[in-house]
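Just so you know, these numbers come straight off a predicted model, no measurement behind them. Letters A, B, ... are given to chains in the order of the sequence lines, protein chains preceding strands, and every chain is numbered from 1.
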Amino acid sequence: MIHSPRGVEDLLPQQTLQYQWIEKEAAFLFSLYGYEPIRIPTFERTELFLRSLGKETDAGKQMYTFKDKKGRSLSLRPEATASVVRAYLQHKLYGHSGEWKVYYMGPMFRYERPQAARLREFRQIGVEAIGEISPQLDVEVIEIGAEFFKKIGLANFHIQLNSIGCKRCRPVYEDQLKEYFKLNLANLCSNCRRRYQYNILRVLDCKKKECQPTIKGAPVIGDYLCEDCQDHFKKVRTGLKDAHIEFSIDPHLVRGLDYYTRTIFEIVSSLLGPQATICAGGRYDDLVEELGGPSIPAIGFAIGVDRLLVALKKEHKELHPQYSSVIHIATLDQEGLTAGYSLARILRGQGIRTRVNFSLKSLSSQLKIADKRRARWVIIVGGKEVEEGKFILRDMESGHQEKIGWDEVKHLDRRLKGNG
RNA sequence: GUGAGCGUAGCUCAGCUGGUUAGAGCACUGGACUGUGGCUCCAGGGGUCGGGGGUUCAAAUCCCCUCGCUCACCCCA
């Protein structure tokens with residue numbers, strides 16, 4: 001037997017219905033804020049991701065990269081932001097006035113060792129807003145995230161916020177950090193000593209106990225933000241307060257990718273353990289320019305749908321109601337099957353979910369099947385009923401049954417309304 | 001990339017100090033009920049014990065390799 005590749009899974013009908021439900025809610029909510037749907041390619045030139053993610057990270061190593069027949073290097077998308085920006089530039093959308101707001105949903109790919117709530121193919125839903133610097137937009141984006149989780153019914157989530165400055169003030173802070181940690185290098189774990197070399201900010205994010213005292217004493221980014229960044233951050237905070245959105249400032253919240261600036265935020269579920277982040281986002285005011293476009297600010301976030309569903313299950317949330325056919329047609333012989341199928345057509349024409357039993361098994365077992373599939377009604381059709389032109393309609397809840405003719409079948413939707 | 005635990009029926013698992021035909025519960029199929037579900041009872045089907053190699057008179061059980069799953073580290077978009 002051929003098994004699916006590692007870290008890649010099938011979403012069986014019950015699960016797929018859950019994803020569809022989440023996607024539908026997201027699309028509706030995002031549209032209320034003026035975001036429009038976009039679909040971007042599943043793979044891109046590898047260079048696009050390498051340039052956007054930053055060379056210092058080992059993100060490149062965690063991509064599914066392959067050569068096409070002409071020898072070009074392509075990669076399955078590990079995230080969507082780079083593609084959205086690329087599309088924005090490719091279609092020269094900056095020529096239009098006003099910001100460009102889009103949302104996307106779909107699978108992403110990362111070559112990592114799978115573990116709890118982390119797969120090689122996983123699904124994200126995200127928004128990107130390109131072309132506006134106003135802090136009020138930051139508020140809007142964060143608000144959308146919070147509203148979404150609320151709407152989905154997630155009880156246990158928390159917003160963490162920070163500003164990591166811009167290309168003018170962040171280097172100053174990083175220098176200060178380097179100087180500080182240089183003196184305390186011996187007190188850091190081996191990992192942090194490594195991180196010290198290639199991504200100093202991530203040291204702040206370390207969870208090891210041994211590092212905590214040193215991290216606590218480290219300079220805080222807030223003290224080094226330039227005037228513009230400080231002002232921006234302040235407006236975001238007051239905007240969130242005005243909107244009654246709860247959040248906490250985490251001065252140690254950082255990003256592994258190079259392209260983030262100023263506002264960054266995460267939404268975490270405390271029930272998830274090591275993979276607690278269900279939404280991550282922030283500003284990326286320099287990325288458009290870095291990818292070869294004009295200097296245009298932007299912001300966005302991505303939600304990890306698989307993780308969200310895990311969190312919902314941990315909260316014992318009742319997920320999307322299970323689909324089942326409303327009417328099950330039990331057919332007792334060949335005449336019954338032929339007639340039963342015609343009945344099904346009429347019912348489906350009325351928008352009633354109908355399933356016909358093809359197997360001609362005993363009525364007893366067909367009822368059993370109908371019961372298992374949670375059909376509310378069963379129509380029983382055999383040669384006798386065909387001859388008579390009347391069929392048995394059985395209510396599976398009460399056990400009550402009656403005979404109905406073709407005319408009644410044609411209007412069955414009215415009878416079942418609010419009853420099935 | 002590193003480390004740990006686990007692979008026995010469709011599912012959850014027992015059996016594992018080597019010893020006849022490898023078990024249970026649930027699920028499935030059929031019957032009691034010859035054309036009426038859920039409950040009950042009865043019967044039945046279903047397993048290369050993940051795969052390969054080794055030790056042995058004898059391996060699900062012990063050893064090695066391999067594949068897979070799970071979790072943690074790493075990384076985190």
Testing the 3.5 Å rule here: is there a donor-acceptor pair between the side chains of [X] and [Y]?
| X | Y | value |
| --- | --- | --- |
| A:Y64 | A:E121 | no |
| A:T81 | A:E128 | yes |
| A:D286 | A:T261 | no |

Any side-chain N or O of [X] below 4.0 angstrom from OP1/OP2 of [N]?
| X | N | answer |
| --- | --- | --- |
| A:R113 | B:C74 | no |
| A:K208 | B:C74 | yes |
| A:R195 | B:C75 | yes |
| A:N199 | B:C75 | no |
| A:R6 | B:C69 | yes |
| A:N191 | B:C73 | no |
| A:S364 | B:U36 | no |
| A:K372 | B:C28 | yes |

Original post:
Do any N or O atoms from the side chain of A:N162 and from the backbone of A:L253 form a donor-acceptor pair under 3.5 angstrom?
Top reply: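 Flag set: sc A:N162 to bb A:L253 pair under 3.5 Å.
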
Sticking with atom [atom1], work out how far [N] lies from [M], rounded to a whole angstrom.
| N | M | atom1 | answer |
| --- | --- | --- | --- |
| B:U21 | B:U56 | C1' | 22 Å |
| B:G52 | B:U8 | P | 16 Å |
| B:C42 | B:A27 | P | 15 Å |
| B:A24 | B:G44 | P | 11 Å |

Scan [X] against the nucleic acid and name what it touches under 4.0 Å (heavy atoms): base, sugar-phosphate only, or nothing.
| X | answer |
| --- | --- |
| A:E385 | base |
| A:I380 | base |
| A:R194 | sugar-phosphate |
| A:R255 | sugar-phosphate |
| A:Q401 | base |
| A:K384 | base |
| A:A370 | nothing |
| A:A302 | nothing |

Original post:
Any idea which of B:C76, B:G35, B:G30 is nearest the A:K361 side chain?
Top reply: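 Nearest nucleotide to the side chain: B:G30.
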
Paired with [N] by Watson-Crick or G-U wobble geometry, both distances under 3.5 Å: which nucleotide is it?
| N | result |
| --- | --- |
| B:C41 | B:G31 |
| B:C26 | B:G10 |
| B:A59 | none |
| B:U2 | B:A72 |

Original post:
Rounded to the nearest Å, what distance is computed from the CD atom of residue A:E44 to the P atom of nucleotide B:A77?
Top reply: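 My rounded result for the distance is 20 Å.
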
**OP:** Step through the shown structure and confirm whether more than 12 heavy atoms of other residues, nucleotides or ligands are within 6.0 Å of CZ on A:R168.
**Re:**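 No, because the 6.0 Å sphere around CZ of A:R168 holds 12 heavy atoms or fewer from other groups.
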
**OP:** Check whether more than 12 heavy atoms from other residues, nucleotides or ligands sit under 6.0 Å from atom OH of A:Y111, and answer yes or no.
**Re:**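 Check fails, neighbour count at 12 or below.
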
**OP:** Output the distance between atom CZ (A:R123) and atom CE (A:M108), rounded to the nearest 0.5 Å.
**Re:**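 Rounded to the nearest 0.5 Å, the CZ-CE separation comes out at 11.0 Å.
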
Original post:
Any donor-acceptor pair under 3.5 Å between the side chain of A:Q62 and the base of B:A77?
Top reply: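 Such a pair is found, so the answer is yes.
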
